[in-house]
Amino acid sequence: MPKTYGKFTLSLTGKDSHKVNITPGQGRFTIAPKTSGEKADAYVDADTPIQWEVFNDFKVPAGGNWPRVMDYMGNDTRFIKWTEQREMESFDWTLMAPATVDFSKAKIEYLSVDNNDYPLDIKLGNKWLKGLSLQGNPHKITLETAVPLKSISFDISTEKKNNTPVFLPEFEALKDLTTIDISTPVGGQPFDCGSLLQFKKLKTVRLNGNMCNMEALGKLNLSDIEVRYCPDMTGLPPLSTWADLNYCIFWNVEEVRGKALRKELKELEKTRGLSEYASVSNLHPKSWFATEFNIPFASWEGKNGREAMKAYKETLKAVKKAKEEKEVRSLLEGLIAVINGLPNIETTEREDTYEAVCQLAEVASFAIEEEKITQWFDQAREF
């Protein structure tokens, strides 16, 4: 039996084409193009055919197939036929071109597909599939199911500095869903919960990230609701809305609605309680989500990015402790001075710096007029 750790040679694309170095205990094997910028165990161009059968003899010490998880970025869809003959615990696939694929016979327990903004026509569903995650742009995905799916996850790509809600298109093939997970970046476009109403049989909804139109959830007969890392829960119905609710988690969510939820839980416990589990914890002001997940300097590269991020985090800590407005002004001017000393600060960088200054001012324990913040910014900046 070939070894599954240390240095060895794989004939991935030809005889002894790749030398790999696998850490002991590593269950995941990653294949990606060098041009992708992703770290991989083996680099293969997106359109280069792969000899998937090379893995057939690899086993973990306990006897199961190795790798347990295959992470592939590329266009050689022959891996699907391969998995019809060889069981895979998990397969994560990222498209590098449009694709039409049929997984209905694949022996994959957990399948994750990122369409990477490419059109994807996908057929799914068999006794092997236990978990499915679709990532990227759902509007470019066409779904067909061989057998009804009961559970699915969507990890939706969104844009920063864009408040237009994102939503799920109509998926007739998913009409029998009872469980859905929705994830969006905290600092990106909000997900419109109204697009979940197409799934009439939903019982479990798990939401992670920026959400909107949460009122719509009241029209679903839920028994389980979980919300995490949500910066705005405006419109979330009272917990008493769901007569069959027996499990709920609200974790790392905004504090205004979160505090109200705690009161609702106490009231609910007096009448019927929740039979399984209920928790509302890690509440935060809305400004926390901005300073933790939406720092304007996060997209800056090289030395400029490192210097700006360092100055931002130091200023953030100090502003939280500030007692007077003049102290906050001095701290913000200090941040601007750091940016003044960086090269190539143009329109986009100026806008990012102003957004950062406004974010930091909002963290102060007292309100500061935006007009003042703008004035301080314009007086201190040299870009």
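A quick note: this is a predicted structure, and the numbers were derived from the prediction, not measured.
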**Report entry** Any residue meeting side chain to side chain contact (heavy atoms under 4.5 Å, CB included) with Asp378, in chain and number order, not counting sequence neighbours
**Finding:**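 Partners of Asp378 by the side chain to side chain contact (heavy atoms under 4.5 Å, CB included) criterion, ordered by chain and then number, come out as Thr374, Arg381.
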Can you tell me if [X] and [Y] form a side-chain donor-acceptor pair at under 3.5 Å?
| X | Y | answer |
| --- | --- | --- |
| Gln51 | Ser11 | no |
| Lys105 | Asn126 | no |
| Trp93 | Asp71 | no |
| Glu226 | Tyr247 | no |
| Trp242 | Asn221 | no |

Query raised in the report: In terms of ring plane angle, is the pair Trp288 and Tyr229 parallel, tilted or perpendicular, where the classes change at 30° and 60°?
Result: parallel
Query raised in the report: Between Phe103 and Phe79, how do the two ring planes meet: parallel, tilted or perpendicular, split at 30° and 60°?
Result: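 Tilted.
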For [Y], is there any backbone N or O sitting under 3.5 Å from a side-chain donor or acceptor partner on [X]?
| X | Y | result |
| --- | --- | --- |
| Lys140 | Asp117 | yes |
| Ser223 | Leu245 | no |
| Gln198 | Phe171 | yes |
| Trp66 | Gln26 | yes |
| His18 | Asp16 | no |

Query - Smallest separation among heavy atoms of Met88 and Arg68, with atom names - result: CE-O, 4.0 Å
Atom pair [atom1] ([X]) and [atom2] ([Y]), whose distance is rounded to the nearest 0.5 Å:
| X | Y | atom1 | atom2 | result |
| --- | --- | --- | --- | --- |
| Leu202 | Lys200 | CG | NZ | 10.0 Å |
| Asp224 | Thr204 | CG | OG1 | 4.0 Å |
| Ser90 | Met70 | OG | CE | 10.5 Å |

Please tell me if the side chains of [X] and [Y] come closer than 4.5 Å, counting only heavy atoms from C-beta onward.
| X | Y | value |
| --- | --- | --- |
| Val166 | His139 | no |
| Phe58 | Asn65 | no |
| Ser153 | Leu134 | no |
| Phe55 | Pro67 | yes |

Identify every side-chain donor-acceptor pair in residues 317-326 under 3.5 Å, counting partners at least two apart or on other chains, and give the distances.
unit_1: Glu325; atom_1: OE1; unit_2: Lys372; atom_2: NZ; d: 3.4
unit_1: Glu325; atom_1: OE2; unit_2: Lys372; atom_2: NZ; d: 2.9

Query raised in the report: Thinking salt bridges, do Glu254 and Lys286 make one under a 4.0 Å N-O criterion?
Result: no
